[in-house]
Peer 1: 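Here it is, the structure, as structure tokens.
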Number of protein chains: 4
Amino acid sequence: MRMKDEIKQRALISATIATVNESGLASSSVSKIAKKAGLSPATLYIYYKDKEDLLASIYMDVKIEMSNYIINEITEESSLKKIFSQLWKAMFKYISCHREEFMFIEQFSSSPCCDIVNKKEMEKHFEPITGLIKDGIKKGEIKNVDMGLIKLFLFSPLMVLAKDMIKQGGEFKEKLIKEAFELSWDSIKL
Amino acid sequence: MRMKDEIKQRALISATIATVNESGLASSSVSKIAKKAGLSPATLYIYYKDKEDLLASIYMDVKIEMSNYIINEITEESSLKKIFSQLWKAMFKYISCHREEFMFIEQFSSSPCCDIVNKKEMEKHFEPITGLIKDGIKKGEIKNVDMGLIKLFLFSPLMVLAKDMIKQGGEFKEKLIKEAFELSWDSIKL
Amino acid sequence: MRMKDEIKQRALISATIATVNESGLASSSVSKIAKKAGLSPATLYIYYKDKEDLLASIYMDVKIEMSNYIINEITEESSLKKIFSQLWKAMFKYISCHREEFMFIEQFSSSPCCDIVNKKEMEKHFEPITGLIKDGIKKGEIKNVDMGLIKLFLFSPLMVLAKDMIKQGGEFKEKLIKEAFELSWDSIKL
Amino acid sequence: MRMKDEIKQRALISATIATVNESGLASSSVSKIAKKAGLSPATLYIYYKDKEDLLASIYMDVKIEMSNYIINEITEESSLKKIFSQLWKAMFKYISCHREEFMFIEQFSSSPCCDIVNKKEMEKHFEPITGLIKDGIKKGEIKNVDMGLIKLFLFSPLMVLAKDMIKQGGEFKEKLIKEAFELSWDSIKL
DNA sequence: GATGAATGAGTGTTCATTCAT
DNA sequence: CATGAATGAACACTCATTCAT
């Protein structure tokens with residue numbers, strides 16, 4: 001008996017991400033993905049229940065990998081502003097090294113089939129950041145408003161900015177990112 | 001292909017928007033749309049070159065309608081903050097009255113086929129707002145940073161917030177919107 | 001606009017019957033049927049909702065045609081035995097001229113997907129025969145047992161016999177049929 | 001391929017019968033059957049050449065088991081009618097205790113792949129009954145017609161009746177069976 | 001101008017079978 | 001002997017688009 005092949009699964013994951021980047025989610029057919037991975041479409045169904053499962057699983061994988069990466073990058077603890085600054089930097093660093101993964105999760109998360117992923121499960125991996133924000137509010141460094149609002153101004157401009165940069169050629173202008181972070185910080189700081 | 005029968009074209013537009021809202025962009029087939037509009041699929045091709053043209057044209061139509069609506073709502077001219085506050089209010093007013101149109105443009109703009117729309121043409125309709133920002137920078141009321149950055153913090157949290165509110169039942173909490181605007185303003189003000 | 005084509009529908013019906021006869025129900029794929037009919041598989045879906053609908057509709061068509069044929073063949077009214085004898089003869093006459101249709105309904109009716117056909121609707125077309133049996137019981141010519149039992153001994157040996165004859169080369173031996181009818185009549189007569 | 005592991009083979013047989021009963025012949029895939037038997041699909045191919053062989057072999061097994069059962073039940077030898085009456089009773093007794101096996105052979109025997117079973121081999125196991133009929137004809141108790149005809153009126157109504165009873169809930173009404181036998185006997189007796 | 005019929009190309013998925021272990 | 005992984009071929013069905021009327 002041949003063993004379920006780590007290499008094949010990896011091929012499947014990167015083929016899925018690449019296909020979605022090239023053709024868009026809607027045009028990413030199972031057969032396109034399988035062909036790019038060098039597998040038969042039937043093989044895909046050994047590793048994933050169906051197409052939805054394939055996409056959602058990879059989405060979860062990438063998101064978790066990303067959140068782990070970012071959290072590990074945060075070393076400074078002197079001030080909240082510095083921590084969030086590191087967080088922004090880490091994010092752009094990750095994105096610039098994983099453009100395809102990032103574009104994949106952006107496409108997937110704005111598609112309706114995203115609704116099936118376990119949001120609760122997802123949330124767990126962002127708890128450290130949620131904790132930082134709570135602390136900041138308690139210490140009076142951050143505005144005492146709805147937690148979601150803080151996250152909104154911390155992340156949504158970041159994501160849109162990163163997406164735009166990738167779409168427009170892919171250069172990540174550090175100066176612009178720094179400026180953007182200042183705006184973000186000004187929006188949430190007390 | 002245009003200017004055939006105003007009524008049929010309108011039916012087509014609202015059928016498209018409704019179908020995309022119900023089934024998602026990926027599952028919105030030409031025949032579904034035509035059926036909902038009470039037309040034959042073939043008739044659709046009299047009014048639009050192909051499916052892409054249909055979606056992109058409606059996207060442009062809705063975006064322009066939205067920008068016109070917003071610009072007309074701005075009456076106050078005393079201070080820039082008040083103007084932008086009105087702009088936010090107008091935006092949420094429009095969105096709450098045109099949920100389907102809004103969700104349509106959100107879905108379309110995060111799909112890859114959005115790339116074909118004429119961005120230059122689009123930009124023209126947002127010139128009044130661009131003008132306001134330029135003025136604000138000149139007068140020293142707004143940070144002297146890249147124009148795109150100002151727009152980013154003015155609009156991207158707004159759009160994400162509106163989308164979330166619609167997804168979570170549809171209630172538009174005015175207090176939250178006001179708070180959100182304060183964060184937005186704090187991010188761009190000097 | 002091209003009109004829905006009587007000829008194409010007929011082609012579809014006879015292609016379905018022929019394919020089921022050649023390959024068996026289970027191996028009769030939509031594409032095989034369409035190819036034999038000289039049509040694209042997609043065209044089939046203009047005429048029938050899906051594969052089940054195709055098979056069930058044709059089953060109903062053939063059954064109704066068969067029952068009409070048989071009922072029209074009954075002219076004699078002198079004695080019940082003669083009527084039933086005519087019925088047997090008519091049946092074998094129909095079957096020998098419509099071997100493929102007969103084998104098709106035999107295969108379909110012993111398959112599980114037969115369950116979806118409207119049995120009530122079907123029953124209506126056999127009411128004349130049901131009436132004859134009821135009369136026979138009243139007049140004391142036929143045993144006063146469950147109606148289903150009479151039908152069972154009138155029809156099930158007939159069908160099995162016809163099927164066997166077709167399977168074994170296709171010759172319809174009249175003498176054997178006459179003998180068989182005598183057995184059938186002996187089983188139900190008082 | 002045979003004589004490997006008695007237990008596994010038995011598991012395979014009952015899994016096949018159960019699957020065919022649950023899903024129908026057409027939807028009974030090799031992997032479904034293997035899973036129900038607690039085996040790998042590959043293992044199945046150690047015991048049987050292919051799917052057809054699996055089904056045909058089991059069909060033969062069940063038919064032989066059934067004929068053995070029935071023949072062993074016949075004890076009485078006073079009159080041919082009593083013998084055949086016992087035969088009917090034995091048949092219904094077997095069927096009511098082995099509904100799944102019976103439905104399996106019914107489904108299989110009306111499918112075209114049934115044609116591959118060795119009819120000669122099959123016939124052997126029914127020789128005792130053939131003998132009884134021949135005797136009856138000689139003694140003048142049974143009509144002197146084609147042997148197949150006698151079998152037809154002895155068995156085909158019986159099988160159809162049993163199938164209907166199982167389909168309609170599964171109750172075996174003894175009175176109806178007795179009546180049916182009387183009709184069967186009347187059809188063949190001299 | 002308007003249409004339903006028509007279709008080649010494609011969809012996601014399952015199949016019976018074989019292979020490497 | 002036994003197996004889970006692997007697959008080419010097939011499955012039922014839908015698609016965007018065109019054509020004849």
Side-chain angles (χ1 to χ4, degrees), chain A residues 1-5 7-9 26-34 38-55, chain B residues 1 3-5 8-9 26-35 37-55, chain C residues 1-5 7-9 26-34 38-55, chain D residues 1 3-5 8-9 26-35 37-55:
Chain A
M1 161 191 71
R2 265 173 285 178
M3 283 317 286
K4 220 164 183 168
D5 195 341
I7 295 166
K8 288 212 178 84
Q9 177 136 21
S27 307
S28 292
S29 70
V30 168
S31 50
K32 263 188 201 167
I33 291 168
L39 300 172
S40 157
T43 308
L44 192 151
Y45 289 85
I46 296 166
Y47 294 86
Y48 299 94
K49 198 172 75 58
D50 54 20
K51 196 193 178 185
E52 228 180 26
D53 182 38
L54 168 78
L55 294 169
Chain B
M1 351 74 239
M3 313 248 137
K4 308 286 146 80
D5 182 339
K8 285 202 179 98
Q9 176 135 15
S27 307
S28 292
S29 71
V30 168
S31 45
K32 258 190 203 169
I33 291 168
K35 183 178 280 177
L39 300 172
S40 160
T43 308
L44 192 151
Y45 287 84
I46 296 165
Y47 294 84
Y48 298 95
K49 193 170 80 57
D50 55 20
K51 197 192 180 186
E52 231 180 25
D53 180 39
L54 168 77
L55 294 169
Chain C
M1 164 191 70
R2 263 173 287 176
M3 282 319 285
K4 220 162 183 169
D5 196 340
I7 294 166
K8 288 210 178 85
Q9 176 134 20
S27 308
S28 292
S29 70
V30 168
S31 50
K32 261 188 203 167
I33 292 168
L39 299 172
S40 158
T43 307
L44 191 152
Y45 290 87
I46 295 165
Y47 294 85
Y48 299 94
K49 196 171 77 59
D50 54 21
K51 197 193 178 185
E52 228 180 28
D53 181 38
L54 168 78
L55 294 169
Chain D
M1 357 62 245
M3 312 246 137
K4 309 285 145 85
D5 181 339
K8 286 204 180 96
Q9 176 135 17
S27 308
S28 292
S29 71
V30 168
S31 44
K32 258 190 202 168
I33 291 167
K35 182 178 281 178
L39 299 171
S40 159
T43 309
L44 191 149
Y45 287 84
I46 296 165
Y47 293 85
Y48 298 95
K49 194 170 76 61
D50 55 19
K51 197 191 179 185
E52 231 179 25
D53 181 38
L54 168 78
L55 294 169

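In what follows, chains carry the letters A, B, and so on, assigned in the order in which the sequence lines appear, proteins first and then strands, with residues in each chain numbered from 1. The structure presented is a predicted model; accordingly, all values stated were derived computationally and were not measured.
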Peer 1: Find the distance B:Ile33:CD1 to E:dT3:P and express it as a whole number of Å.
Peer 2: 16 Å

Peer 1: What is the distance from atom OH of D:Tyr48 to atom CG of D:Leu44, rounded to the nearest 0.5 Å?
Peer 2: 8.0 Å

Peer 1: In whole angstrom, give the distance that lies between atom NZ of A:Lys8 and atom C1' of F:dA6.
Peer 2: 7 Å

Peer 1: Rounded to the nearest Å, what distance is computed from the CG atom of residue A:Leu54 to the C1' atom of nucleotide E:dT11?
Peer 2: 15 Å

Peer 1: I would like to know whether A:Val30 and A:Leu54 meet side-chain contact (heavy atoms from CB on, under 4.5 Å); could you show each step before the answer?
Peer 2: CA-CA 9 Å; A:Val30 168; A:Leu54 168 78; 5.7 Å; no

Peer 1: Distance check needed: E:dT21 P versus A:Asp5 CG, whole Å only.
Peer 2: 11 Å

Peer 1: In whole angstrom, what separates A:Ile7's CD1 from F:dA5's C1'?
Peer 2: 14 Å

Peer 1: Using a cut-off of 4.0 Å between protein heavy atoms and nucleotide atoms, how would you tag nucleotides 12-17 of chain E 5' to 3' with B, S and -?
Peer 2: SBBBSB

Peer 1: Can you tell me the pairing partner of E:dT21 across any strand shown, Watson-Crick or G-U wobble, with both distances under 3.5 angstrom?
Peer 2: F:dA2

Peer 1: What nucleotide, of E:dT3, E:dA6, F:dA2, holds the atom closest to the side chain of C:Ile46?
Peer 2: E:dA6

Peer 1: Quick one: D:Tyr48 OH to E:dT18 P, roughly how many Å, whole number?
Peer 2: 17 Å

Peer 1: Counting only N and O atoms by type, is there a donor-acceptor contact under 3.5 Å from the side chain of A:Tyr47 to the main-chain atoms of A:Asp5?
Peer 2: yes

Peer 1: Nearest whole Å is fine: how far is E:dA2 C1' from B:Gln9 CD?
Peer 2: 15 Å

Peer 1: Tell me what D:Leu39 touches on the nucleic acid: a base, only sugar-phosphate, or nothing, going by heavy atoms under 4.0 Å.
Peer 2: sugar-phosphate

Peer 1: With both distances under 3.5 angstrom, what nucleotide forms a Watson-Crick or G-U wobble pair with E:dC15?
Peer 2: F:dG8

Peer 1: For the residue pair C:Asp53 and C:Asp50, what are the closest heavy atoms and their distance?
Peer 2: N-OD1, 2.9 Å

Peer 1: Supply the atom-to-atom distance C:Ile46 CD1 to C:Gln9 CD, rounded to the nearest 0.5 angstrom.
Peer 2: 11.5 Å

Peer 1: Counting any heavy atom closer than 4.0 Å, what does A:Tyr47 reach on the DNA or RNA strands: base, sugar-phosphate only, or nothing?
Peer 2: sugar-phosphate

Peer 1: Roughly how many Å is it from NZ in B:Lys35 to C1' in E:dT3, rounded to a whole number?
Peer 2: 15 Å

Peer 1: Closest heavy-atom contact between C:Ala26 and D:Ala26?
Peer 2: CB-CB, 4.0 Å

